[in-house]
Each structure stands twice: as C-alpha cells, then as structure tokens.
Amino acid sequence: MDEPKAGTMPPPPATVLDFDEKNFRPSVVETELYDWWDRAGFFTPPATPSPGEKKFVMMLPLPNVTGDLHMGHALGFGGYEDLMARWHRMRGEATLYLPGTDHAGIIAQIVVERELAKEMDKKGLTREQFLGEMWKWMRHYQPRIYRQLRMLGCSLDWSRVHFTMDPDMQQRVRTHFIRQYKRGHLYRADRIVHWCLTCQTTYSDLELLHIERTDQLSYVRYPWADAMPAGTPDVVIATTRPETIVADTAVAVHPDDERWKRYVGREVLVPMVERRVKIIADEAVDPKFGTGALKVTPGHDQTDFEIGQRHGLPIISAIDKNGSMNSQAGMLAGEHRDAARTKAVAILERKGLLLKQEPITHAVGIHDRCETVEEPLVMRQWFMKMKELAKPAIDAVRNGKIQIVPKYQEKIYFEWMENIRDWAIARQIWWGHSIPVWYCQDCDEIVVPDEGAPDPTVCPKCRGTDLKQDPDVLDTWFSSALWPHTTLGWPEQTPDLRRFYPGTVLETGYDILFFWVARMIMMGLENIEDIPFSTVYLHGLVRVGKTKMGKSKGNVTSPIATIEQDGADALRYALIYGVSAGADSQLSEGKLQNAKEFANKLWNIGRFVLRTLEAKNQSQWPSDRSPENDPALGPAERWILSRTEATAGELTRLIEQYLFGEYVGALQQFVWGEFADTYLELSKQSLRDPVRADAAARTLAYVLDRVLRLAHPVMPFITDTLALQLWRAMPTADRSPSLVIAKWPEPRSRDQALEDRFAALIDVVRTIRNLRQTSGVRPGQKASVALGGDVSAIRELGGAIAHLTQSEVTFGGGAGQATVVRAVEVRLAAEHDVAEHRARIERELLEAKDLLRRSRELLARPGFVEKAPSSVVDNEKAKLAEREERARLLEGELKRVT
RNA sequence: GGGCUGUUGGCUCAGCUGGUUAGAGCGCUGCGUUCACAUCGCAGAGGUCGCUGGUUCGAAUCCAGCACAGCCCACCA
C-alpha cells in the first residue's frame, strides 16, 4: 500500500476525543474525519500501479441527482459496498470505488418542472431556456447528494466523480449510439409502445407495472355484414375498453375453436363506425375467455398489434397523445378516453348491441413513475435489438465468468435474458442525452454522423441543408448501461480503462437487475468485449418497521436523519446486522438501538484501554516480539490473544464469502462477549498486580488495535477516531496514518487447547454465579467454592474464577477423566437457602440424566457406530463419559445436601 | 398463467457442505451501580424449526406433495 508521503498529507483533525465523555457523540467527529480521509487521498488508488497489483473496483450505483438518499441506498452504499471497499483496501488492494450521479431523465424533469412552476410558466420557455434551468437545478441538487454520500462514510474516490450529463459523458453516449447504429443494432420503426398521458412520453416494457383492478366487462354483439343462414350464431365479443371498438380492424377466433372455425373469412360490422372487418384465426386467442371471439384493435393494444402484424391488418389510431378520441373515432370524436368509454356503452345499449356487463378483475398496465394507466399507441420510434446482445451476456453468467450472489437470482436473470425484447430507447422529453440523428426535410434521409464528427449540416443524399435533429432524448438507462466503461474514459484507451476495467463487484438492489445490471453486462461485452465485473451482489429491500420506529423519533425512515441522530456507524451496522444475502430486511428500532449500544461499547472499551495506557505511561509495544510468544503473558492474556486470532480468521472468511450479516454478528460476539465482558474484567485484576500489569496493558492495547481494524469496514468513524488515539499513545505499534489504509489482521496461530480450557472455565464461572444467586448469596459477599470433577485442566485458571465470581475457590475432586471438566461441585459456605439449593440440584440432575439417556440411545442405535464417521462417534463417546461423570457428581451432591 | 423466495421462542431475524443441549438482538423475569460504559453487568424463563410423507445410523438443514405469505415475469381481451 502506498502511503501518502509525509509532509504532503494533511494532519488528522485535531482530536475531538474527550475522555470525560461517557458516550460517543458521532456527529461531532464524522465530517471532519471524512474530509481528512478525502483530502489525504486515502480513497484514491495509488497513482502508479505496482507490478502485479491486486485491485478491487466497484462502481457506485449512481443515485438520481435530484433525489435524497433513502434506506435502500444506505444499505447498499454504506452497508455492503463501503464495507467491501474498505476491507479490500485494508488488504492492500488498489481500491477504486467510483462515485457519480444519474441525470434521471423523466424524474428529474418532473422535479424541476414542479420547482419552476412555483416561479414561472414552463410553457413560455424554449427548449434551450428550459435546459438552462435544468442545469441551474443540477448545480443545486448535486452537492446535496454528494454530501449525503459523504455522511454515510462511503470511501469514494472523488477525484473520479462523474455525472451522466457531463459533456464528455454525453460525447461517449453519442459515440455508443453511432457505433450501435452502424452495427445495425438500432432501428426506427412504427411499433406499438407504452405511452404515458401524464408524462407525455413513451417508456419501456420494464417501466410498465401491473396492478389488479376491477372493471366492467362489456359483451357486445357485432352484426354480420352479410345475410347469414337462419340459425347462425351472433358474434359477441367481450371487452373492457369499448371505446376502442371504433379502431377495430378484425375479429379473431382460435383456429381450433369448433364454434367459430367455419366462419373464419366472413365479415362483421364494427359497431358505431359500421366498418366491414373479417373474422380471422389466430393462436393468441384464448377460446375459454368470454365467447371465444376477440376484437382486434392493432392501434391500441399490444396483443392486437401483434395479431395485426401477422395478418397484415390495417392500423387505426383513434386516440391521440392527450388521450382524446380523434376524428377516426366517429361519434366518439372529441371525448377523453374515459368519457368515451361511458358514451360508447350508452350508444351500444341504445342500439341493442350491448348484451350484458359484468365486473372483472384484471391486470392493468401503469407507468411506474406516475402510475397513470398506459395508453398503447403506434408511433415511429427508435429501438435497440437485444437478442444478439443478450447472447454473450447469458454465456458470461452461465460459464461462471460472472457470478450472481445470491445464486438463485441467476435463474431469474436467464429467464429474462432468454426472452428479451427490443428496447424502446427514445423518450419524448427534453432532459437527457440527445439522439445523434438528423432527418433531411427535403428527402427524408436519416443522417447519422460518423463517430467523432460534428453535427451534420448537409444531407449526403440530396445535398439539402434543411436538417432537423431528432427531438427525442435517450432513456436514462441507455447511458447508465455504459457506466462501468464510460467513467473510465471509453472509447479512449485511457490508463484508467486499462487498469480498472473489468471491475470486481457490482453491488445493488435486486430490483434493478434487468434495468441496469443486465444491460451493463451486455453493453460492456459489446463495447469492450469483456465483462464489466465478475461478481454481482444483490441485496434485498429494507423496510422500516412501523410499530417500533418513529414514536419518539422524528423521520427516522430517512437515513440522513438517522445519521444526524445516531451516527453513520450505528446506521451502517444496524442495516446489515442479521441479514442474509439477498433477503429483504427490516430496520427496527431494536436493531438501531443495539448498533448504538455496540458503538458505545467500543467507545468505552477504547476509553478504558487508553486511560490504562496513559496511567501506566505504557508507550513501548515491542513490535518485533509477537505477543503470543511473550513469556510474560498469563493464561488470560494468551486466551484473549488466541481468540483474537481465531476471530480474525473467522471474520475474514465471512467477508470473503459475502456473509456480511454474520460478519457483524461474529464481531459483536467477540468484542462484547469475549473482549469486554470477559477479558477486560479479568485484566482489571492483573492491572493492579505490579508483576502482571505490564503484560495486561500491552495485551489490551494489542487486542484493541485488532478489534478496531476488524470493525473498521462496518464502523469506520468510531474505529479510526480510536485508532488515531491508540497509536498516539503507542508510538511503536504497527500503525498507519489512518485505519483506512491500515492492514487487515492476518490471523496468527491460536491455542485451541487453551481456548477449550477457558470455555470450561466460563462454564464453571456461570454455574457458580448462578448458584450464588439462587442460594441468596449477596453480590460482594464472599463465598467459598469447592470444585469437583477433573479440575486439573483449569487449575491454573483458579485466580480467574475467583476474580469473576468473587468466591474463594478450592480444588477438590479427582483424577481420571481425560476430558475437560464440565461437571462442577459447588459448596457455598455462606448462609443460603438449603431447600432452594436442593431443588436446583434436583432439576439439574434431571436434565443431566436426560442428556445421558440421549447419549446412550444414540450410541446404542443400530448402525450408528458402524456408519457414522469415527470423529462423530468418538465425540459422542466422550460426551457420554462427561455426562456420566456429571450425573454421578450431581447425585453425590444431592445426597450430601439431603 | 409461469417462476422465485420465505414460513424457526412475544417481535425482527441468523443457522455455511445433514452430526454437541437450534442461536442472536429487542422484549420479558430476578438480582446488582465506587473508579470504561445504566446506551451497563450477572443470572434466568421462553421454540414439537408451517403441515404430511420420503431418503439416512442421524433432518431445522436433502427430496416430494400440501397450506399460507410476499415478490417477479406475462399479450388473458
């Protein structure tokens, strides 16, 4: 790891640590610390790559420039991504976590229009004026979202920040469009598209949502156009959109439908407009629905459009872009589509063509942005051919070059990619990337300039000079699909592109797997011929509990408010605590509370250790002597050091396997349960002993140092605050200018036998404490305890037992068992309730006998000893011996008490 | 219509390739504050792991079916 040169690096912020402060107050520290990290260049990978460097590259899933961060962002950015980035950086990898924002097309335009409406009439603005206003607002919003990202603590390289509408990024999008056009992947055609009456634009299939709604299903009779033999059945269709009857150009039946087969080719009259249309046969018709006859309206229905294409039917557009019925609509002309529906029903009824109406619950398409019910319209539009692009992207995942976590999402990816449809890429709005296509007004030629060429002014075909640029802009996702390579300088072969492409991980919510992830894979493979990242980590949605959040707190659903109140560390921690990969999660008040308390615990551990060091003026950490080989260390010290190494190994494994929720859980278990509650308490005794104080203090410092490193990826602020202090107090420690670039602990050797003995000790301690309590021995009141069973293994730990239980311990008991003692015979000398004591022993004896029975049954079970692996059998045998011993001891104790 | 995921103590969830007495946080009960922390410590209660079958010496874990919940996809008018 390149450390910034001394002298060029700004000093860390003046300490805000106040040891009189019992609780950590996050907001005081965080911005100063972040600014320092940023200014010191910790987040920028070393300028010159070292030969054979390992790298970690991750793109921030660019948030919308006009938005505020929500909990989903906080989970992704501050929870998973920054954790990964910081961890890889600490492992010495050249780490690039690249920030940026998305111009957010339609959403941003709506936001700004709303703002503008407060002060002026947008309608009076020209396109250029409006875009000028858009840019003004961009400059207003952008710093706001960047500030929020900094508040989360994300270790982003701000020297490489990008915005999708930056001029150079616009140029890159233009190049991409031109290349794709020349490669034949883009085409313009009259097709049916989703039109939004509110937003006045088209949108893609992905932006179409479905809601369940109940409408009236109208049964309408279409009279025969010609005289038919007596007994010919009436043609009746069922529709929820009777206003579109006027645009019908056929009636379709299923080719195998016995009721209608023989009438295919005959003609009926479309009600209201009296148009003769044919009865056609098409597989798309469901014979079980309604009467089995379908009105075909190619101009206003997706399925019908496709049927129309297959049968060469004419297309009638009777509804215009505002939702009004046009002159094609006959007697419905001029009405809005909703009013037209009512009117159509009335007319049909009057004419005796309406047979009946019944309610039907069905799916209705709506626009995801404004929830307006879609209006399918046939328009001339730009599309991208996707089938060919999807193929290599499918292969990349299938052959494992890209792996998706969690794995089951791969199935969903394949399903979508294998049925991919062409992408409607144009939007009829003003804010976005313009389409580099000009239309010659004289000869209708489509003019697309060459790559790198200026806007065309002359038609290459007719030499006319009246060229008009396509007024539409590109779908927002069109540019974000290019993000992993355009941010690195593509199409130029920049050093950044060579060094940082392909990236490593793409982390985002599973809800944009298709919108973004799949398209990045396709475009990366298309433009660079290489995957954009090798791992896709998909997180779930965060819900914020209703019942438990919010009463005493303000708007706690906002991550920014939460950070301001509880700190980014606590929020980050709470968001990933107890969550498994890809699962939706709930951020509850309880989780947040636990996170705050853990941060506070860390703070107070730090306070205790630092005070200890100050008091002892303990400034020499012998860095050349690894602590586990230090003969001055007592068993408690060697135990916590061994546990520290075990934990380092475990946490490394968990992060490597993307098990972040478990990483946080294991971290808490160690820091709180083992370091604070067990070792710290034991150390208090050692610190009072002049012979052992030095070793204890050094152990505290060493373990704190490890703990801060291990916790840094999830709690960057509090850990670095403490580390800076610790290293100031311990100048010779293995330190670094900041934890951000400090080394992640490599696990060293552990002492498994000692850990086992300590586990037994903890058991003994718990039993004694329990007995003291049930026997009514007051805390602080001395008691004497005799240990029975095979105590040889924990004899050396007697001082620890005495310390932790405030009891005098004598070791009785015996020889024999090779196993670590778990049975304990306890005699409390103080006065206690004999009856209660006996009841307890009886209860324990019952439990012990039950366990003994289970062990015996398991070992006696046919096949077990023969078929189970010998390690399992041995384990069971050892357990049986222990249980026998325990039962025997308890029986003895019971006899003695009685 | 197709598919995916989930169902574990009062609540929110862990439980990796099947093997100690199924864990955690919150909540609950009892006890305890002189010097890191009451955002604290100690101890404890509480679960037939949705149901039914199957595989196995052994199933919360693997398989099948079912029930319920949530989500995604889809041209059911």
[X] (side chain) and [N] (base): donor-acceptor pair under 3.5 Å:
X: A/Glu597; N: B/rA38; value: no
X: A/Lys411; N: B/rC4; value: no
X: A/Arg653; N: B/rC16; value: yes
X: A/Lys591; N: B/rA24; value: no

Assign [X] to base, sugar-phosphate, or nothing according to its heavy-atom contacts below 4.0 angstrom with the strands shown.
X: A/Ala583; answer: sugar-phosphate
X: A/Leu680; answer: base
X: A/Asp286; answer: base
X: A/Gly665; answer: nothing
X: A/Asp677; answer: sugar-phosphate
X: A/Lys684; answer: base

Can you tell me how far [atom2] of [N] sits from [atom1] of [X], to the nearest Å?
X: A/His210; N: B/rC76; atom1: NE2; atom2: P; answer: 7 Å
X: A/Tyr573; N: B/rG25; atom1: OH; atom2: P; answer: 10 Å
X: A/Glu374; N: B/rC75; atom1: CD; atom2: P; answer: 10 Å
X: A/Glu306; N: B/rC76; atom1: CD; atom2: P; answer: 11 Å
X: A/Leu206; N: B/rA74; atom1: CG; atom2: C1'; answer: 13 Å
X: A/Glu662; N: B/rC13; atom1: CD; atom2: P; answer: 16 Å
X: A/Gln668; N: B/rG25; atom1: CD; atom2: P; answer: 7 Å
X: A/Asn604; N: B/rU33; atom1: CG; atom2: P; answer: 20 Å

Taking the [atom1] atom in each of [N] and [M], what is the distance between them to the nearest angstrom?
N: B/rG47; M: B/rG10; atom1: P; value: 8 Å
N: B/rU21; M: B/rC66; atom1: C1'; value: 32 Å
N: B/rU61; M: B/rG18; atom1: C1'; value: 6 Å
N: B/rA74; M: B/rA67; atom1: C1'; value: 25 Å
N: B/rU8; M: B/rA45; atom1: P; value: 23 Å
N: B/rG27; M: B/rG44; atom1: C1'; value: 14 Å
N: B/rC26; M: B/rC72; atom1: C1'; value: 32 Å
N: B/rC4; M: B/rG46; atom1: P; value: 40 Å

* Asked: With sequence neighbours left out, which residue pairs that include part of residues 236-254 of chain A fulfil the side chain to side chain donor-acceptor pair (under 3.5 Å) condition?
  ->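 Counting only pairs at least two positions apart or across chains, the side chain to side chain donor-acceptor pair (under 3.5 Å) contacts touching residues 236-254 of chain A are A/Tyr222-A/Asp248, A/Arg241-A/Glu243, A/Arg241-A/Glu375, A/Glu243-A/Arg341, A/Thr244-A/Lys295, A/Asp248-A/Lys295, A/Asp248-A/Thr297.
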
Nucleotide nearest [X] (side chain, heavy atoms from C-beta), chosen from [options]:
X: A/Tyr408; options: B/rG19, B/rA36, B/rU5; answer: B/rU5
X: A/Tyr577; options: B/rG25, B/rG19, B/rA36; answer: B/rG25
X: A/Lys22; options: B/rC57, B/rC37, B/rA74; answer: B/rC37
X: A/Asn594; options: B/rC37, B/rG25, B/rA77; answer: B/rG25

* **Stacked cation flag A/Lys684 on A/Phe608, 6.0 angstrom / 45 deg** =>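 Because its charged atom sits under 6.0 Å from the ring centre and within 45° of the axis, A/Lys684 does stack over A/Phe608.
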
* Taking 4.0 angstrom as the limit, do A/Glu650 and A/Arg653 come out as a salt bridge? ->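 Salt bridge between A/Glu650 and A/Arg653, a charged N being under 4.0 Å from a carboxylate O: yes.
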
* Is any side-chain N of the basic residue among A/Arg853 and A/Asp850 closer than 4.0 Å to the acidic one's carboxylate O? ->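 So A/Arg853 pairs with A/Asp850 through a salt bridge.
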
* **Comparing A/Arg861 and A/Leu659 on RNA chain B - which has the more 5′ nearest nucleotide** =>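 Taking each residue's closest nucleotide, the earlier one in sequence belongs to A/Leu659.
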
* Asked: If each of A/Lys601 and A/Gln657 is mapped to the nucleotide of RNA chain B with the nearest heavy atom, which maps nearer the 5' terminus, i.e. the 5' end?
  ->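 Whichever sits nearer the 5' end wins; that is A/Gln657.
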
Answer yes or no: is there a side-chain heavy-atom contact under 4.5 Å between [X] and [Y]?
X: A/Asp304; Y: A/Leu294; value: yes
X: A/Val579; Y: A/Leu75; value: no
X: A/Pro359; Y: A/Gln216; value: yes
X: A/Trp423; Y: A/Leu206; value: no
X: A/Val609; Y: A/Val703; value: no
X: A/Val246; Y: A/Val270; value: no

Quick one: is [X] getting a side-chain N or O under 4.0 Å of the [N] phosphate, OP1 or OP2?
X: A/Asn770; N: B/rG44; value: yes
X: A/Lys288; N: B/rA77; value: no
X: A/Arg766; N: B/rC42; value: no
X: A/Arg421; N: B/rC75; value: yes
X: A/Trp672; N: B/rG41; value: yes
X: A/Thr303; N: B/rA77; value: no
X: A/Arg543; N: B/rC11; value: no

* Asked: Looking just at side-chain N and O atoms, do A/Ser204 and A/Glu207 make a donor-acceptor pair shorter than 3.5 Å?
  ->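 There is such a pair between these side chains.
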
* Both distances under 3.5 Å, Watson-Crick or G-U wobble: on that basis, could you give the dot-bracket string for RNA chain B, with [ ] for crossing pairs and | for other-strand partners? => (((((((..((((.....[...)))).(((((.......))))).....(((((..]....))))))))))))....

